*Asks:* 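First, the structure itself, so that you have it in front of you.
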Amino acid sequence: MSEEQNVYDYRAVERAWQERWERDGVYATRDDDPREKYYVLEMLPYPSGDLHVGHAKNYTLGDALARMMRMRGYNVVHPMGWDAFGLPAENAAIQRKIDPETWTRSNIANMERQIRLMGTGYDWSREFATCDPEYYRWNQWFFLRMFEQGLAYKREAPVNWCPVDQTVLANEQVENGKCWRCGAVVERRNLAQWFFKITDYADRLLAGLDRLEGWPERIKTMQRNWIGRSEGVTFSLDVENVDATIDVFTTRVDTVFGVTFVAVAPEHPAVAKILAKMPKAARRVEEFAASLRTKSELERTQLMEKTGVPTGAYAINPFSRERVPIWVTNYVLAEYGTGAVMGVPAHDERDFEFAQKHGLPIAQVITDLEETLQAPLAEAYVEDGKLIASGEYTGMKSGPARRALASRLEAMGRGKTTINFRFRDWLISRQRYWGTPIPIVSCETCGLVGVPDDQLPVLLPKTAQITGQGSPLANDPAFVNTTCPKCGGPAKRDPDTMDTFVDSSWYFVRYLDPKNDEAPFDKAIASSWMPVDQYIGGAEHAVMHLLYARFFYMFLVDQGYVEGDDEPFTRLFNQGTLIYQGEKMSKSRGNVVGIDQTVENYGVDAMRLFLLKAAPPEDTLDWTDEGIVGRVRFVSRVWRACEPLTAQARAVPLDRLPEMRGETQRALVRALHVALESGKSETETRRLHYNVTTAKLDELINGLTAALREPGAQDDPAVLYVVHALPLVLAPFAPHLADELWSKMGYATSVHLERWLEPDPAALAVDEITLVVQVNGKLRARITAAPGIGEEAAFALALQEPNVTTQIDGKQVRKRIFVPDKLLNIVAA
RNA sequence: GGGCACGUGGCGGAAUCGGUAGACGCGCUGGAUUUAGGUUCCAGUGGGGCGACCCAUCUGAGUUCGAGUCUCAGCGUGCCCACCA
């Protein structure tokens with residue numbers, strides 16, 4: 001056979017194996033498999049249209065892990081589906097007059113084709129799209145269960161409104177005051193909306209993080225910051241001559257003697273009562289409030305100076321009995337704490353700035369322990385310290401003073417210790433079409449009534465007009481007008497749809513029983529597979545999806561739908577993003593490298609190997625068109641080295657080490673076992689640094705190529721042993737090449753159903769080691785010795801090295817540090 | 001402004017425990033094969049020096065027999081949060 005004919009035809013080989021895997025159901029998973037379960041999951045993709053190599057990076061890592069775990073003897077489930085609801089489909093409908101469903105389904109078809117093209121080993125029998133009525137029916141069903149529990153509720157509140165997308169947004173979906181989707185500046189509006197009471201789970205969501213040892217620390221930190229727990233006290237201040245009290249929350253009650261004003265949000269309920277008694281102030285306060293109402297949250301918080309107007313009323317400090325003015329301000333948020341704060345300019349930066357601007361007194365009541373602080377303060381002193389000018393509490397340190405003052409407030413019946421959270425309930429209603437309809441009917445006599453379970457799903461109406469003007473469901477009388485399930489009278493359907501993050505909050509359980517039409521999933525089946533052992537996805541979901549899904553799953557466990565731990569994702573791996581031409585690869589930047597072209601030009605296995613090899617998976621990866629060439633070379637080298645020997649190789653058994661004639665053979669077999677060891681340890685430690693394992697594969701192929709140059713190599717048992725084993729070690733990373741070689745050896749079943757070889761300590765052992773000799777910590781010689789050489793013998797050998805003797809000549813050996821098989825350090829002076 | 005992470009050749013990166021810095025790949029240089037180009041194979045490739053050697057992991061201190069790795073300070077980069085009382 002000439003060299004030219006032995007070219008690896010990756011296009012034909014890869015296509016053939018993908019078809020065969022599909023036909024033979026190689027990646028289908030059974031519930032009754034007795035092996036230990038392992039659930040690998042990549043975050044559900046949104047079907048935007050086309051995959052690029054950034055997606056491929058994500059799926060390749062999950063696939064390599066799934067294949068590795070399967071070969072290590074686990075019953076692996078590795079499903080895939082589609083996060084199919086969402087705004088882009090609706091925007092396509094507005095711009096191109098395409099039905100959102102048609103647009104979405106065709107994107108799914110294309111992306112599924114591309115994922116199959118990548119040879120990723122999913123169990124496609126579990127696939128679904130969240131826009132399937134068979135799926136979103138159960139969103140509605142869970143919504144109703146939450147509604148019954150009071151965990152889903154409707155209330156009017158100031159909410160984030162995106163003027164471009166014409167819908168409200170959850171707090172988590174507002175980034176720097178702008179819409180996470182379109183970037184428009186978000187407005188505040190008072191609207192009646194549906195919420196999930198995620199704040200009921202605040203403590204559990206926090207406590208659970210401490211148990212998630214397999215999560216990146218930074219994601220846990222982000223969730224902790226987002227939840228934002230703070231301990232303090234809430235107490236009430238009387239308002240002079242007005243029948244109202246103002247509650248304030250503070251973490252620094254030790255500064256309470258320094259209160260020189262009270263600041264309230266314009267929306268605070270006490271404001272109206274005060275203005276009724278203060279007609280002179282009413283006009284300026286109302287004007288001020290009106291000027292704020294039209295401002296976006298962004299302008300109100302970030303771009304504006306701290307400002308406010310006095311109400312003319314005074315509050316009484318419960319400790320000092322001092323009268324302090326009540327101001328309406330722009331920097332106190334109605335939605336956080338009590339919507340009012342005690343103003344302590346001396347010890348809070350915001351209050352300091354506000355007091356300076358409005359000429360309010362600054363009363364220092366905390367000093368540093370050395371008492372070096374001089375009044376007047378140039379800036380707020382916000383550290384803990386020692387109380388001064390604080391009545392009977394003067395002289396106490398901040399910590400004890402906080403406890404003493406809190407007890408006193410409780411004794412006075414004026415306050416209590418409080419835990420406050422920064423995050424709010426999850427706003428889940430959207431004034432858009434392409435989502436799960438909220439299964440609630442509003443009846444004039446019965447109020448809000450849940451749609452009965454046997455009438456689910458509430459289907460998205462095909463009749464709705466999607467124009468971008470107003471809410472499509474609200475504008476569709478055929479959908480809205482209905483009868484009340486309770487009294488039968490005329491009623492209206494809720495015109496909103498659910499945030500698509502509801503869809504992705506429990507999909508990972510549905511995969512386990514995807515065809516169930518009597519329940520969202522079978523309890524026993526779901527409980528046997530959950531939790532997800534390894535979840536893989538980007539860090540952009542740290543405080544959205546990953547928080548919502550944890551909350552949702554806690555609810556599922558509480559209600560007994562699933563049994564077991566209430567954390568759904570045991571381990572989380574955050575993939576790094578992909579960089580191309582100096583920028584993050586994305587469709588909107590127009591710098592994407594497509595899957596189809598890459599696979600056509602280089603082959604799937606080369607693409608996978610490059611994505612695994614170029615950087616550790618958590619790092620950002622630079623895609624280079626030159627870099628992948630190295631992997632194409634690797635694939636060809638494997639093929640040229642192994643293919644001619646496939647017929648003979650199978651005769652050399654893999655259950656024991658082969659005959660090894662010399663050091664070349666020992667080194668070659670060792671290189672195989674080093675690669676096996678690397679793959680095993682990267683998987684077991686969950687570090688997943690297969691970039692290192694692929695480097696070991698390079699060394700193995702370099703060794704094999706070198707060994708094949710020696711005469712008689714074609715019949716060398718060590719060479720044939722390595723060739724025989726190679727498909728097994730390649731399988732997780734280059735699955736097509738591995739199966740092709742395996743089948744050429746005469747095996748009838750896929751290599752992916754075989755066991756990964758255990759690295760053999762005997763193969764890894766070396767018969768000589770290099771011992772580093774240092775003098776005073778500096779490298780002076782390397783000596784070759786047998787493993788396990790003793791300190792005295794090593795020292796004797798070291799003294800024969802001229803570089804060592806020169807260095808210690810005329811000095812006294814003070815000390816010797818000996819690390820067996822590694823190093824001898826001679827300390828001489 | 002706060003928090004977290006990171007800083008190693010021309011480039012991506014390796015060094016999992018404090019113990020040979022730069023594995024492996026890309027690129028580059030030279031050679032063999034080839035009519036030529038490409039492919040493939042071989043050798044070389046951090047800097048300095050003829051040399052035994054010296055210098056080198058952002059900068060500066062420190063701990064240690066020994067520091068890319070630990071500590072402190074500074075500089076730089078990235079990400080997240082940002083009037084949260």
Side-chain angles (χ1 to χ4, degrees), chain A residues 3-4 7 175-177 216-222 224-226 228-230 232 248-252 255 263 300-302 304-306 329-333 335-344 348-351 353-354 420-424 539-540 542-543 577 579 609-610 613-616 618-631 633-634 636-637 640 678 681-682 685 687 689 691-699 701-702 705-706 709 770-782 802-803 806 814-819 822-829:
Chain A
E3 292 248 276
E4 275 162 33
V7 167
E175 297 173 347
N176 289 323
E217 211 48 56
R218 51 187 273 264
I219 299 293
K220 290 192 279 186
T221 303
M222 280 161 71
R224 285 190 190 104
N225 291 344
W226 185 262
R229 183 182 199 270
S230 54
V248 295
F249 171 73
T250 180
T251 56
R252 289 297 305 274
T255 66
R300 256 179 89 165
T301 58
Q302 285 178 265
M304 277 171 77
E305 273 191 286
K306 286 173 191 45
T329 70
N330 65 343
Y331 76 95
V332 174
L333 308 172
E335 285 287 288
Y336 185 77
T338 61
V341 300
M342 61 178 208
V344 185
D348 181 278
E349 283 170 22
R350 292 152 303 181
D351 297 343
E353 188 189 330
F354 186 80
N420 221 332
F421 294 99
R422 201 190 72 107
F423 81 150
R424 315 292 153 73
E540 67 273 19
V543 288
T577 51
I579 304 284
L609 287 164
F610 179 68
K613 157 119 195 165
E618 67 272 28
D619 285 7
T620 55
L621 184 151
D622 266 293
W623 179 271
T624 61
D625 299 302
E626 298 83 44
I628 193 171
V629 171
R631 297 302 90 195
R633 266 179 228 162
F634 172 83
S636 319
R637 293 182 80 202
R640 279 197 310 275
S678 172
S681 73
E682 292 301 338
T685 62
R687 208 173 74 133
H689 282 198
N691 53 319
V692 178
T693 307
T694 49
K696 304 298 181 200
L697 292 173
D698 277 315
E699 291 186 62
I701 296 307
N702 288 346
T705 307
R709 279 201 302 276
T770 303
L771 195 75
V772 170
V773 182
Q774 296 181 338
V775 178
N776 294 330
K778 272 196 172 298
L779 174 71
R780 294 299 170 186
R782 293 182 174 92
N803 286 342
T806 337
R814 306 264 180 209
K815 197 174 169 185
R816 294 192 310 226
I817 315 286
F818 183 67
V819 184
K822 283 228 155 137
L823 165 139
L824 173 69
N825 186 12
I826 300 163
V827 185

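Here is the naming used below: chain letters follow the sequence lines, and residue numbers restart at 1 for every chain. This structure is a prediction, so every number in the text was calculated from the model and none was measured.
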*Asks:* Quick one: is B:U64 close enough that its OP1 or OP2 comes under 4.0 Å of any side-chain N or O from A:Asn825?
*Replies:*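 No, no such contact exists.
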*Asks:* Expressed in whole Å, how much space separates the P atoms belonging to B:G22 and B:U57?
*Replies:* 14 Å
*Asks:* Starting at the 5' end of RNA chain B and moving along, which residue's nearest nucleotide shows up first, A:Asp698 or A:Asn691?
*Replies:*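 Result: A:Asn691.
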*Asks:* Both distances below 3.5 Å, Watson-Crick or wobble geometry, any strand: find the nucleotide opposite B:G9.
*Replies:* none
*Asks:* What's the gap between B:C17 and B:U71 when it is taken at their P atoms, as a whole Å value?
*Replies:* 13 Å
*Asks:* Does B:U71 have a Watson-Crick or wobble partner in any strand here, with both distances under 3.5 angstrom, and which is it?
*Replies:* B:A61
*Asks:* Of all the choices, B:A21, B:C41, B:C84, which nucleotide is nearest to the side chain of A:Leu779 once you look at every atom?
*Replies:* B:A21
*Asks:* Does any nucleotide pair with B:U20 by Watson-Crick or G-U wobble geometry, both distances under 3.5 Å, and what is it?
*Replies:*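 By the stated definition (distances under 3.5 Å), nothing pairs with B:U20.
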*Asks:* Which value, in whole Å, describes the distance between the C1' atoms of nucleotides B:A56 and B:U20?
*Replies:*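 The answer is 15 Å between these two C1' atoms.
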*Asks:* Tell me what A:Lys696 touches on the nucleic acid: a base, only sugar-phosphate, or nothing, going by heavy atoms under 4.0 Å.
*Replies:* nothing
*Asks:* Assign A:Arg424 to base, sugar-phosphate, or nothing according to its heavy-atom contacts below 4.0 angstrom with the strands shown.
*Replies:* base
*Asks:* Can you tell me if the side-chain N/O atoms of A:Asn420 get under 4.0 Å from OP1 or OP2 in B:C84?
*Replies:*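 For B:C84, neither OP1 nor OP2 has a side-chain N or O of A:Asn420 closer than 4.0 Å.
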*Asks:* Give a yes/no answer on whether the side chain of A:Ser230 brings an N or O atom under 4.0 Å of OP1 or OP2 in B:A85.
*Replies:*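 Yes, such a contact exists.
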*Asks:* Please work out whether the ring planes of A:Tyr331 and A:Phe354 are parallel, tilted or perpendicular, with thresholds of 30° and 60°.
*Replies:* tilted
*Asks:* Side chain of A:Thr221, heavy atoms from C-beta onward: which of B:C41, B:G3, B:U16 has the nearest atom to it?
*Replies:* B:G3
*Asks:* From the list B:C24, B:U20, B:C81, which nucleotide is the closest neighbour of the side chain of A:Arg422?
*Replies:*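 My answer, after comparing the listed nucleotides, is B:C81.
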*Asks:* Could you identify the nucleotide paired to B:C4, looking across every strand shown and requiring Watson-Crick or G-U wobble geometry with both distances under 3.5 Å?
*Replies:* B:G78
*Asks:* Taking 4.0 Å as the cut-off, does a side-chain nitrogen or oxygen of A:Arg224 come that near to OP1 or OP2 on B:C80?
*Replies:*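 For B:C80, OP1/OP2 do not have a side-chain N/O of A:Arg224 under 4.0 Å.
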*Asks:* Using the C1' atoms only, state how far B:G31 lies from B:G68, rounded to an integer number of Å.
*Replies:* 36 Å
*Asks:* Rounding to an integer number of angstrom, what distance separates B:G9 and B:A23 when you compare their C1' atoms?
*Replies:*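 Rounded to whole Å, the distance is 14 Å.
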*Asks:* Salt-bridge test for A:Arg350 and A:Glu353: reply yes if a basic N is under 4.0 Å from a carboxylate O, no otherwise.
*Replies:* no
*Asks:* For a quick check of understanding: with a heavy-atom distance under 4.0 Å over all strands, which category does A:Glu699 fall into, base, sugar-phosphate or nothing?
*Replies:*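 If one applies the 4.0 Å heavy-atom cut-off, A:Glu699 turns out to touch the sugar-phosphate alone, with no base involved.
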*Asks:* Using purine N1 to pyrimidine N3 plus N6-O4 or O6-N4 for Watson-Crick, or N1-O2 and O6-N3 for G-U wobble, both under 3.5 Å, which nucleotide pairs with B:G51?
*Replies:*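 Pairing partner: none.
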*Asks:* Using Watson-Crick or G-U wobble geometry with both distances under 3.5 Å, which nucleotide pairs with B:U35?
*Replies:* none
*Asks:* Can you tell me the base-pairing partner of B:A43? Count Watson-Crick or G-U wobble geometry only, both distances below 3.5 Å, and say none if there is no partner.
*Replies:*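 Partner of B:A43: B:U29.
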*Asks:* Report yes if at least one side-chain N or O of A:Arg637 is closer than 4.0 Å to OP1 or OP2 of B:C41; otherwise report no.
*Replies:*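 Checking A:Arg637 against B:C41: at least one side-chain N or O falls below 4.0 Å of OP1 or OP2.
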*Asks:* Roughly how many Å apart are B:C58 and B:G78, using the C1' atom of each and rounding to a whole number?
*Replies:* 15 Å
*Asks:* Any chance the side chains of A:Arg422 and A:Asn225 put a donor and an acceptor closer than 3.5 Å?
*Replies:*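 Distance-only check fails for A:Arg422 and A:Asn225.
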*Asks:* Considering only B:C84, B:G25, B:U40, which nucleotide approaches the side chain of A:Leu333 most closely?
*Replies:* B:C84
*Asks:* Under 4.0 Å: is that the gap between some side-chain N or O of A:Arg709 and OP1 or OP2 of B:C42?
*Replies:*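 For A:Arg709, the contact criterion (side-chain N or O under 4.0 Å from OP1 or OP2 of B:C42) is met.
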*Asks:* What's the closest nucleotide to the A:Thr770 side chain, out of B:U20, B:G12, B:C24?
*Replies:*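 Of all the options, the side chain of A:Thr770 is nearest to B:U20.
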*Asks:* Taking only the P atom of each, what is the distance from B:C72 to B:A5 in whole angstrom?
*Replies:*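 B:C72 and B:A5 have their P atoms separated by 12 Å.
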*Asks:* Heavy-atom nearest nucleotide on RNA chain B for A:Ala614 versus A:Gly777: which residue maps closer to 5'?
*Replies:*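 On the 5' side of the pair lies A:Ala614.
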*Asks:* Do any side-chain nitrogens or oxygens of A:Arg633 fall under 4.0 Å of OP1 or OP2 in B:G27?
*Replies:*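 For A:Arg633, the contact criterion (side-chain N or O under 4.0 Å from OP1 or OP2 of B:G27) is met.
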*Asks:* Contact class for A:Lys613 (heavy atom, under 4.0 Å): base, sugar-phosphate, or nothing?
*Replies:*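 The answer is base, as A:Lys613 lies within the cut-off (heavy atoms under 4.0 Å) of a base atom.
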*Asks:* Can you tell me which nucleotide in B:C24, B:C84, B:G13 comes closest to the side chain of A:Pro616?
*Replies:* B:G13
*Asks:* Is any side-chain nitrogen or oxygen of A:Lys778 closer than 4.0 Å to OP1 or OP2 of B:C55?
*Replies:*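 Yes.
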*Asks:* Can you tell me which nucleotide in B:U40, B:A14, B:A85 comes closest to the side chain of A:Val692?
*Replies:* B:A14
*Asks:* Give me the distance, rounded to whole Å, that separates B:U29 from B:C65 when you measure between the C1' atoms they each carry.
*Replies:* 41 Å
*Asks:* What's the closest nucleotide to the side chain of A:Ile817 if the choices are B:C83, B:G19, B:C84?
*Replies:*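 Between B:C83, B:G19, B:C84, the one nearest the side chain of A:Ile817 would be B:G19.
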*Asks:* Determine whether a donor-acceptor pair (N or O, by modelled atom type, separation under 3.5 Å) exists between the side chain of A:Asn420 and the backbone of A:Ser230.
*Replies:* no
